[in-house]
Amino acid sequence: AHTMAATTAITNTSSGGVVITNTSSGGVVITGALLDGITYSGGSGADSINIGASTNAKTMGAGNDTVTITEALGTGGSVDAGDGTADVLSLTSALAANNSLSANVNFNATISNFEVLSLSDTGSVTMNMTNLDSIGSVNTVTTVSNVFSNAAQNFTIEYLGTSTNTTINVLNAAVAGNVTDVVNIKYNVATDGNSVVQALHTIAAVETININSTTSGTIAAGDINTLTTLTASQLQTLNIVGDTKFVITNAITTATIQTIDGSASTGGITYSAAASTQGVLIKGSATAITGSVQDNDNILTGGAGLDVITGG
């Protein structure tokens, strides 16, 4: 057995019959895949391991750990992420796809207690989130076309790169009487004084969308997160926060929208809700907001910024 009692980075060269135990509050980072037959038991720190077709159990402990899985686990293999609040399961897009690991319940039965799915590469796949530990938060690098089916309630997606087409289908959102469905979107890309464009988000049967527009780098003049088109057929409330300007290029194609709240945004917002067929409550902020709504009984509330809100 190998016992480690401090923050440690090791390179794995063993080929089985080894027990690795982290007894400290420091994180252990193991580079290279833990080969079959190696048992790992994590401590309370943020551990990081890589595994392939493992046939035994890995337990990660109490920290916010990261586990990278490079192929389907073998018979008897399992990973318990432990008691952390932001444990990360890292997969390639191809492995996460519904024709691979998320295809059935078998893989789901081998993983537990993960909170975040990190897609490590550029891809274009459909994922069944129910079979990925029902993880409620995903972060992505540059993507082409991703579909997240059976997404958890209060699902969160964080963009670390651009995307062409994202579809989010929340589990049971379309069931009659389910009227409190929520999706959270965070844009966290290095804008570097430019506009970073996400092309299309399609989010069906969800009533509330929360958007956080920020940048992974230092905020600079000209920083913009741009969403070309938001298609959300049952959207009622759109909340926008963040320190980076957020622009929706095309009019929001939702007749049911009731509230657009940008009061907590410090970066500025541009949008149009001209498809609305009812009165819309619009809230401005301390930073300039440009918005427009249809000719209805709207309530327009500006903030301290130079808001331009056009209503009926």
Side-chain angles (χ1 to χ4, degrees), residues 64-67 80-91 96 98 102 105 108 111-119 125-141 143 146-160 163 165-189 198 200-214 225 227 230-244 246 248 252 254 256-265 269 271 281 283:
N64 290 330
D65 308 304
T66 299
V67 178
D80 183 345
D83 295 331
T85 58
D87 296 297
V88 176
L89 173 64
S90 179
L91 299 173
N98 66 350
S102 72
V105 298
N108 188 59
I111 58 173
S112 58
N113 293 316
F114 286 97
E115 290 80 33
V116 180
L117 171 65
S118 177
L119 298 175
V125 296
T126 296
M127 286 152 278
N128 183 353
M129 298 304 297
T130 298
N131 291 334
L132 292 174
D133 202 21
S134 296
I135 291 172
S137 182
V138 174
N139 59 58
T140 70
V141 294
T143 63
N146 280 340
V147 177
F148 300 94
S149 65
N150 295 322
Q153 178 59 250
N154 207 30
F155 183 78
T156 297
I157 183 167
E158 179 176 359
Y159 290 94
L160 305 176
S163 66
N165 187 349
T166 301
T167 299
I168 300 172
N169 297 317
V170 172
L171 181 65
N172 294 326
V175 174
N178 289 353
V179 294
T180 58
D181 305 294
V182 178
V183 165
N184 308 292
I185 302 171
K186 183 177 182 179
Y187 304 107
N188 191 17
V189 187
Q198 318 290 338
L200 171 64
H201 295 346
T202 301
I203 306 171
V206 166
E207 289 77 26
T208 300
I209 297 177
N210 300 313
I211 291 175
N212 182 356
S213 177
T214 187
N225 285 311
L227 173 59
L230 173 63
T231 300
S233 59
Q234 295 182 29
L235 179 63
Q236 296 179 7
T237 301
L238 178 63
N239 299 310
I240 305 168
V241 303
D243 53 18
T244 302
F246 177 65
I248 303 178
I252 301 170
T254 306
T256 57
I257 194 163
Q258 299 175 7
T259 301
I260 300 177
D261 187 350
S263 59
S265 169
I269 306 167
Y271 64 85
L281 171 62
K283 294 183 180 181

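This one's a predicted model, so the numbers in the text were calculated from it and none came from an experiment.
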Which pair of non-hydrogen atoms, one from [X] and one from [Y], has the smallest distance, and what is that distance?
X	Y	result
Ile135	Phe155	O-CE1, 4.2 Å
Asp80	Gly82	OD1-N, 2.9 Å
Ala264	Val241	CB-CG1, 3.6 Å
Ala232	Ile209	CB-CD1, 4.0 Å
Asp133	Asn108	N-OD1, 2.6 Å
Ala152	Ser134	CB-O, 4.1 Å

State the [atom1]-[atom2] distance between [X] and [Y], to the nearest 0.5 angstrom.
X	Y	atom1	atom2	result
Thr156	Leu117	OG1	CG	12.5 Å
Asp261	Leu281	CG	CG	7.5 Å
Ile211	Asn225	CD1	CG	10.0 Å
Ser213	Leu227	OG	CG	10.5 Å

Within the 4.5 Å heavy-atom criterion, are [X] and [Y] side-chain neighbours or not?
X	Y	answer
Leu230	Leu235	yes
Ile185	Ile203	yes
Val125	Asn98	no
Asn139	Val116	yes
Tyr271	Leu238	no
Leu91	Leu132	yes

Can you give the donor-acceptor pairs under 3.5 Å from side chains of residues 165-173 to other protein atoms, not counting sequence neighbours?
| from | atom 1 | to | atom 2 | distance (Å) |
| --- | --- | --- | --- | --- |
| Thr166 | OG1 | Tyr159 | OH | 2.9 |

Gln153/Asp181 under side-chain contact (heavy atoms from CB on, under 4.5 Å): CA gap, chis, key distance, verdict: CA-CA 6 Å; Gln153 178 59 250; Asp181 305 294; 2.9 Å; yes
Output yes when a side-chain donor or acceptor of [X] lies under 3.5 Å from a complementary backbone atom of [Y], and no otherwise.
X	Y	answer
Thr143	Ser163	no
Thr140	Leu119	no
Ser149	Met127	yes
Asp87	Gly84	yes
Thr259	Thr237	no

Would you list the pairs meeting side chain to side chain donor-acceptor pair (under 3.5 Å) in which at least one residue belongs to residues 201-210, sequence neighbours left out?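 For residues 201-210, and leaving out neighbouring residues, the side chain to side chain donor-acceptor pair (under 3.5 Å) pairs sorted by first residue read Asn184-Asn210, Tyr187-His201, Asn210-Asn239.
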Hydrogens and angles aside, do Asn188 and Thr214 bring a side-chain donor and acceptor to less than 3.5 Å of each other?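 The answer is no; no qualifying pair exists.
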Checking Thr256 against Gln234: is there a side-chain donor and acceptor pair closer than 3.5 Å?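 No donor-acceptor contact under 3.5 Å links the two side chains.
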